[in-house]
Asker: 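My questions all concern the structure below.
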Amino acid sequence: GQVVISGNITATSSSGKGGTAVVIGNDIALKGAVVDVSGVTAGGTVQIGGGPRGTGPLQLAATTTVDQTSSIVADADVRGNGGNVTVWSQGTTAFAGYISARGGLQGGNGGQVEVSSHGVLVYMGSVNALAPRGLVGNLLLDPYNVIIQTASGSPTDTCTSGTCTPSGSGSILTVAALQAALASSNVTVTTGSSGSDPGNITVANAITWSSAYGLTLSAANGITINAGITNSSSSSSLTLTAAGPGGISGSGAIANAGSL
């Protein structure tokens with residue numbers, strides 16, 4: 001059935017690792033919700049709409065929507081690693097909220113965050129997986145075909161009250177959202193290898209970032225670079241992997257100060 005959460009879900013710990021929060025249902029919507037599984041020694045686990053990449057025993061949501069007033073927190077408050085957060089759907093994931101999975105102030109690494117869909121993903125939110133005294137965490141975005149572009153555009157309808165509902169096949173990742181994510185975590189954009197879309201990544205508008213974090217584009221078929229990709233930090237990285245016959249093509253320039 002339909003699950004709408006507009007309040008708080010809390011499974012924090014003042015003495016150890018944060019707890020676990022699981023939200024399942026056919027159609028899930030977080031509207032002004034706060035899910036907090038932070039802990040003194042480690043962040044906990046949040047699974048909304050299913051497990052990582054849709055695996056495991058949990059019921060898988062058909063649609064999952066997280067509006068811009070909702071937040072998910074899985075921080076290590078003092079010492080330890082940030083937690084694990086998954087936002088998943090089989091059909092459509094529309095994410096405009098905020099996720100924090102930070103490492104502890106006295107030590108520990110950033111957490112692991114996944115915002116994905118077996119079908120359509122619209123990502124317009126933000127993630128913080130920083131670690132003041134450890135390794136930065138990771139953000140995984142895993143739809144089928146994905147276009148990285150400036151405008152939200154199709155398949156996203158007009159956003160109303162922080163909720164953006166896709167209206168067709170394919171997924172949009174806005175440049176602003178991607179660049180914001182790269183300011184506080186490594187980011188991997190990967191595509192599926194089955195379904196109606198072949199699994200392509202298209203860079204339609206220029207991507208630039210100056211942080212020390214890495215961007216990985218991994219396509220089941222091909223990567224088309226129609227606009228520039230620029231990373232100005234020597235500590236950053238750019239990884240491009242096209243596993244299918246589509247290969248890597250396009251006229252966009254790559255200006256890479258880090259590792260490639």
Side-chain angles (χ1 to χ4, degrees), residues 53-54 88-96 113-127 138-157 159 164-183 185-211 213-233 236-260:
R53 296 198 176 186
W88 174 267
S89 75
Q90 288 293 92
T92 297
T93 298
F95 182 84
V113 179
E114 176 184 352
V115 182
S116 299
S117 177
H118 188 70
V120 175
L121 170 65
V122 178
Y123 179 86
M124 301 174 65
S126 60
V127 168
N138 296 287
L139 168 62
L140 171 65
L141 305 171
D142 184 20
Y144 284 116
N145 280 2
V146 61
I147 300 173
I148 301 171
Q149 64 182 40
T150 302
S152 54
S154 176
T156 311
D157 290 339
C159 295
C164 307
T165 304
S167 58
S169 180
S171 297
I172 299 296
L173 172 58
T174 66
V175 170
L178 176 57
Q179 291 177 166
L182 283 165
S185 65
N186 298 310
V187 178
T188 297
V189 181
T190 183
T191 67
S193 58
S194 60
S196 59
D197 293 333
N200 294 321
I201 296 174
T202 301
V203 179
N205 295 109
I207 305 166
T208 62
W209 77 101
S210 59
S211 71
Y213 309 125
L215 172 63
T216 298
L217 303 181
S218 179
N221 186 42
I223 299 174
T224 302
I225 303 172
N226 290 332
I229 302 177
T230 303
N231 58 328
S232 57
S233 170
S236 64
S237 63
L238 174 64
T239 303
L240 304 175
T241 303
I248 299 174
S249 62
S251 59
I254 296 176
N256 181 54
S259 60
L260 178 63

Asker: Might you point out which heavy atoms bring G247 and A242 nearest each other, and give the distance in Å?
Answerer: O-CB, 3.5 Å
Asker: So, taking the atom named CD1 in I207 and the one named CG in N231, what distance separates them when rounded to the nearest 0.5 Å?
Answerer: 10.5 Å
Asker: Supply the atom-to-atom distance L141 CG to S117 OG, rounded to the nearest 0.5 angstrom.
Answerer: 11.5 Å
Asker: Please examine the side chains of T241 and T239, heavy atoms only from C-beta on, and report whether any two atoms are closer than 4.5 Å.
Answerer: yes
Asker: Short question: side chain of N221, backbone of P198 - any donor-acceptor pair under 3.5 Å?
Answerer: no
Asker: Indicate whether any N or O donor in one side chain lies under 3.5 Å from an N or O acceptor in the other, for T224 and T202.
Answerer: no
Asker: Would S232 and S210 count as a side-chain hydrogen bond (donor to acceptor under 3.5 Å, both in side chains) here? Give the steps.
Answerer: CA-CA 5 Å; S232 57; S210 59; 4.6 Å; no
Asker: Tell me, with the steps shown, if I148 and N205 meet side chain to side chain contact (heavy atoms under 4.5 Å, CB included).
Answerer: CA-CA 7 Å; I148 301 171; N205 295 109; over 6 Å; no
Asker: Using every non-hydrogen atom in the two residues, find where A227 and A206 come nearest and quote the distance to one decimal.
Answerer: CB-N, 3.4 Å
Asker: Do side-chain atoms of N186 reach the backbone of G214 as a donor and acceptor pair under 3.5 angstrom?
Answerer: yes
Asker: Answer whether the closest heavy-atom distance between the side chains of S171 and I147 falls below 4.5 Å.
Answerer: no
Asker: Quick check for you: to the nearest 0.5 Å, what is the distance between I229 atom CD1 and I223 atom CD1?
Answerer: 8.0 Å
Asker: Please test L178 against V187 for side chain to side chain contact (heavy atoms under 4.5 Å, CB included), starting from the C-alpha separation and ending with a verdict.
Answerer: CA-CA 8 Å; L178 176 57; V187 178; 3.7 Å; yes
Asker: Can you tell if the side chain of L182 reaches within under 4.5 Å of the side chain of L215, non-hydrogen atoms only?
Answerer: yes
Asker: Tell me the closest heavy-atom pair linking G199 and A219, and the distance in Å.
Answerer: O-CB, 3.6 Å
Asker: Enter the distance from Y213:OH to S236:OG here, rounded to the nearest 0.5 Å.
Answerer: 11.5 Å
Asker: If we ignore hydrogens and angles and just use 3.5 Å, is the side chain of Q149 paired with the main-chain N or O of I172 as donor and acceptor?
Answerer: no
Asker: Show your reasoning for whether side chain to side chain contact (heavy atoms under 4.5 Å, CB included) applies to L217 and I225.
Answerer: CA-CA 11 Å; L217 303 181; I225 303 172; 5.9 Å; no
Asker: Okay, side chain of T191, backbone of A220: is any donor-acceptor separation there less than 3.5 Å?
Answerer: yes
Asker: Looking at M124 and T174, what are the two nearest heavy atoms and their distance?
Answerer: CG-CG2, 4.3 Å
Asker: Counting N and O atoms only, with roles assigned by atom type, does the side chain of S116 sit under 3.5 Å from a partner on the main chain of R53, one being a donor and the other an acceptor?
Answerer: no
Asker: Does N200 use its side chain to pair, donor to acceptor, with the backbone of G222 at less than 3.5 Å?
Answerer: yes
Asker: Report the distance from atom CG of N256 to atom CG of L240, rounding to the nearest 0.5 Å.
Answerer: 9.0 Å
Asker: Could you walk me through whether L139 and Y123 pass the side chain to side chain contact (heavy atoms under 4.5 Å, CB included) check?
Answerer: CA-CA 12 Å; L139 168 62; Y123 179 86; 3.7 Å; yes
Asker: With rounding to the nearest 0.5 Å, note down the distance linking CG in N226 to OG in S249.
Answerer: 7.5 Å
